[in-house]
Student: 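Before I ask anything, let me first share the structure, which is written out below as structure tokens.
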Amino acid sequence: MKVLLFTHQQDIDGIGCVVLAQQSFSDLEIVPCKTFEITSKVKEYIENGRIQEFDSIFVTDLCIKEPLLYDISKNPILAKKLKVIDHHKSEIDEGNDSYDFVSITVEKNGRKESGTSLFYQYLLENHFLKATHYLDTFVEWTRQYDVWDWQKEKNEKARYLHILFEELGYEKYLEIANSFIQKKEVIFEEESMNVIHHFEEKLHQEIQSILSQMKLVEVTIQKVTYKIGYVTCEYKYRNDINEVVKNHNSNNIDTVGMIMTDMDTVSYRNVKDIDASIIASYFGGKGHKNAASNPQNNSLFIDTMKKNHITLPNT
């Protein structure tokens with residue numbers, strides 16, 4: 001069976017799906033996608049005819065948008081080959097789960113799901129993969145980090161996966177993840193621990209400087225006003241900055257908006273108990289309650305930043 005996988009390339013959840021696919025299929029082509037380019041990537045394969053070469057097509061940790069979803073639904077051969085597996089609440093809000101080939105599950109049996117955990121369940125249920133202790137562990141740690149359960153579980157090792165991905169990149173992270181499978185144990189070698197310690201040291205050095213440049217913006221959406229603290233930073237710090245702010249929220253902000261210098265997105269992470277996906281969706285983005293993002297090139301976002309005298313690095 002020839003398989004095509006489109007997956008999120010920007011975090012360990014999307015890459016976790018690559019690890020699982022590599023263990024499940026011998027004839028596999030992978031298309032890593034940024035958050036807001038999945039629809040154009042799939043459309044490209046449809047328009048050049050390459051989509052026809054594959055027996056099964058998966059989209060994981062992302063969801064195709066309209067009108068392409070509708071177009072696919074009118075092509076029974078393609079719709080039968082395609083399976084979208086995602087966990088983002090905003091996709092349900094948009095109605096993108098109204099097609100048989102789209103499955104979006106935010107939570108199951110009281111547990112938040114991730115792209116990797118849902119794909120793992122699918123592969124097991126359809127006998128493409130057999131469960132093992134080390135795969136169970138890798139998938140669970142990936143899920144915990146992606147949905148923030150690692151904090152509740154006090155599992156720093158889940159965060160270590162994220163740090164290794166951010167510091168070493170896609171290819172090296174895949175090597176490390178596949179080494180877990182070869183060793184039949186999720187264990188961090190000395191080289192990996194050195195990378196993790198270096199990241200922590202650099203984070204503590206840089207984060208105060210990043211926060212000192214914070215600019216406050218108030219945005220009113222559906223009669224609710226949100227106070228956002230915008231900072232400019234590297235993408236790899238997106239899950240750490242708000243944790244520092246929570247301990248000393250002197251500006252009384254609801255959420256941190258991180259304008260990425262090395263990506264074309266803005267990531268939101270909550271400081272208070274609000275729904276960050278509402279803000280991201282307002283600016284043409286998507287996400288979860290506690291973590292969401294929007295493109296920097298959204299016209300409403302650009303106008304809002306201009307009004308507040310904030311310069312965007314990627315527009």
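Both backbone and side-chain heavy atoms feed into the values below; hydrogens, waters and symmetry mates do not.
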Student: Do the non-hydrogen side-chain atoms of I259 and Q296 ever get within less than 4.5 Å of each other?
Tutor: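 Sidechains of Q296 and I259: in contact.
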Student: Heavy-atom count check: over 12 atoms from other residues, nucleotides or ligands less than 6.0 Å from K80 NZ?
Tutor: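 For K80, atom NZ is not crowded (no more than 12 foreign heavy atoms under 6.0 Å).
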Student: Taking atom OG of S192 and atom NZ of K172, what is their separation to the nearest 0.5 Å?
Tutor: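 Output value for this atom pair is 7.5 Å.
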Student: Should the pair R143-D149 be classified as a salt bridge under the 4.0 Å nitrogen-to-oxygen rule?
Tutor: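 Salt bridge between R143 and D149, a charged N being under 4.0 Å from a carboxylate O: yes.
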Student: Before we go on, tell me: are the rings of F165 and Y170 under 6.0 Å apart, centre to centre?
Tutor: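 That pair fails the under 6.0 Å test.
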Student: Taking 4.0 angstrom as the limit, do E200 and R159 come out as a salt bridge?
Tutor: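 A salt bridge is present here (some side-chain N lies under 4.0 Å from a carboxylate O).
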Student: In a table with atom names and distances, give each donor-acceptor pair under 3.5 Å that connects a side chain of residues 213-223 to protein atoms at least two apart or in another chain.
Tutor:
{"unit_1": "K215", "atom_1": "NZ", "unit_2": "H309", "atom_2": "O", "d": "3.3"}
{"unit_1": "T220", "atom_1": "OG1", "unit_2": "T225", "atom_2": "OG1", "d": "2.9"}

Student: More than 12 heavy atoms of other residues, nucleotides or ligands under 6.0 Å from CG of D100: yes or no?
Tutor: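 No, CG of D100 has 12 or fewer neighbouring heavy atoms, counting only those of other groups under 6.0 Å.
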Student: Quick one: are the ring centres of Y160 and F188 less than 6.0 Å apart?
Tutor: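 That pair passes the under 6.0 Å test.
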Student: Could you tell me whether the side chain of K112 reaches within less than 4.5 Å of the side chain of K289, counting heavy atoms only?
Tutor: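 No. Closest side-chain heavy atoms not under 4.5 Å.
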Student: Compute whether any side-chain donor of one residue and acceptor of the other, for Y268 and N294, lie under 3.5 angstrom apart.
Tutor: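 Yes, because at least one side-chain N or O of Y268 sits under 3.5 Å from a partner of the opposite role on N294.
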Student: With a sphere of 6.0 Å drawn around NZ of K246, does it hold more than 12 non-hydrogen atoms of other residues, nucleotides or ligands?
Tutor: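 More than 12 within 6.0 Å, yes.
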Student: Could you check E94 against K65 for salt bridge (Lys or Arg N to Asp or Glu O under 4.0 Å), going step by step and ending with a plain yes or no?
Tutor: CA-CA 9 Å; E94 291 179 17; K65 300 287 190 181; 2.9 Å; yes
Student: Between N178 and L174 (side chain of the first, backbone of the second, donor and acceptor by atom type, cut-off under 3.5 Å), is there such a pair?
Tutor: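 Yes, N178 side chain to L174 backbone: donor-acceptor pair under 3.5 Å.
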Student: Under the side chain to side chain donor-acceptor pair (under 3.5 Å) criterion, do N308 and Y230 qualify, and how do the steps go?
Tutor: CA-CA 10 Å; N308 288 277; Y230 281 103; over 6 Å; no
Student: Would you say that more than 12 heavy atoms from the other residues, nucleotides or ligands in this model lie under 6.0 Å from the CD of E53, or not?
Tutor: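 Counting other residues, nucleotides and ligands, CD of E53 exceeds 12 neighbours.
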Student: Looking just at side-chain N and O atoms, do N239 and R269 make a donor-acceptor pair shorter than 3.5 Å?
Tutor: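 Side-chain D/A pair, N239 to R269: present.
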Student: Walk me through it: do T60 and H8 pass the test side chain to side chain donor-acceptor pair (under 3.5 Å)?
Tutor: CA-CA 7 Å; T60 56; H8 193 201; over 6 Å; no
Student: Do you know which of D55, L4, L123, L129 makes side chain to side chain contact (heavy atoms under 4.5 Å, CB included) with F25?
Tutor: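 One option only clears the test, and that one is L123.
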Student: Take E91 and K89, measure what salt bridge (Lys or Arg N to Asp or Glu O under 4.0 Å) needs, and give me the verdict at the end.
Tutor: CA-CA 5 Å; E91 302 296 347; K89 170 183 170 291; over 6 Å; no
Student: So, E44 and K41, do they make that salt bridge, N to O below 4.0 Å?
Tutor: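 No, E44 and K41 are not salt-bridged.
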Student: Run the salt bridge (Lys or Arg N to Asp or Glu O under 4.0 Å) test on E37 and K43 for me, step by step, so that the C-alpha distance in whole Å, both residues' side-chain angles and the decisive distance to 0.1 Å come before the verdict.
Tutor: CA-CA 10 Å; E37 67 178 14; K43 188 175 182 181; over 6 Å; no
Student: Calculate, to the nearest 0.5 Å, the distance between atoms CG and NE2 belonging to L211 and H248 respectively.
Tutor: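 Reported to 0.5 Å precision, the distance equals 10.0 Å.
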Student: Hey, which of I176, D11, I12 is the one that makes side chain to side chain contact (heavy atoms under 4.5 Å, CB included) with L161?
Tutor: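 It is I12, the one option of I176, D11, I12 that forms the side chain to side chain contact (heavy atoms under 4.5 Å, CB included) with L161.
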Student: So which of E234, Q10, R238 actually passes side chain to side chain contact (heavy atoms under 4.5 Å, CB included) with E166?
Tutor: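 Answer to the side chain to side chain contact (heavy atoms under 4.5 Å, CB included) test with E166 among E234, Q10, R238: R238.
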Student: Pair K236, D262 - check salt bridge (Lys or Arg N to Asp or Glu O under 4.0 Å), show working.
Tutor: CA-CA 9 Å; K236 64 183 179 181; D262 51 348; over 6 Å; no
Student: Please determine whether the number of non-hydrogen atoms from other residues, nucleotides or ligands lying under 6.0 Å from atom NZ of K157 exceeds 12.
Tutor: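 12 or below, so no.
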Student: Taking V231 as the fixed residue, which of V245, V256, I207 is the one that meets the side chain to side chain contact (heavy atoms under 4.5 Å, CB included) rule?
Tutor: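 Passing option: V256.
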Student: I'd like to check L78 versus Q52 (side-chain heavy atoms, cut-off strictly below 4.5 Å). Are they in contact?
Tutor: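 No; the side chains remain at least 4.5 Å from each other.
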Student: Between atom CG of L203 and atom CG of D240, what is the distance when rounded to the nearest 0.5 Å?
Tutor: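 Taking CG in L203 and CG in D240, the distance rounds to 5.0 Å.
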Student: Please walk me through it: do D61 and H87 pass side chain to side chain donor-acceptor pair (under 3.5 Å)?
Tutor: CA-CA 7 Å; D61 198 33; H87 67 121; 3.0 Å; yes
Student: At what distance, to the nearest 0.5 angstrom, does NZ of K2 lie from CD of E29?
Tutor: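 Going from NZ on K2 over to CD on E29, the span is 7.0 Å.
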Student: Could you measure the distance from the CE atom of M305 to the CG atom of D303? Nearest 0.5 Å is fine.
Tutor: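 Between M305 CE and D303 CG, I get 10.0 Å after rounding to 0.5 Å.
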Student: Tell me whether the guanidinium CZ or amine NZ of K83 lies under 6.0 angstrom from the six-membered ring centre of F101 and within 45° of its axis.
Tutor: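 Verdict for F101: no cation-pi partner in K83.
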Student: Out of curiosity, C63 SG to D97 CG, how far, rounded to the nearest 0.5 Å?
Tutor: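 Spacing of SG (C63) from CG (D97) equals 8.0 Å.
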Student: Would K202 and E167 pass as an ion pair if we require N to O under 4.0 Å?
Tutor: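 A salt bridge is absent here (no side-chain N lies under 4.0 Å from a carboxylate O).
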Student: For the pair Q144 and Q151, evaluate side chain to side chain donor-acceptor pair (under 3.5 Å) and give the outcome as yes or no after the intermediate values.
Tutor: CA-CA 8 Å; Q144 284 184 17; Q151 294 176 322; over 6 Å; no
Student: With ring centroids as reference points, do Y282 and F301 lie under 6.0 angstrom apart?
Tutor: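 No, too far apart.
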Student: Tell me whether the centres of the aromatic rings in F58 and F6 are closer together than 6.0 Å.
Tutor: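 No: the rings miss the under 6.0 Å criterion.
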Student: Is it the case that atom CD in E243 sees more than 12 heavy atoms from other parts of the structure closer than 6.0 Å?
Tutor: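 Yes - once you tally the heavy atoms of other residues, nucleotides and ligands closer than 6.0 Å, there are more than 12.
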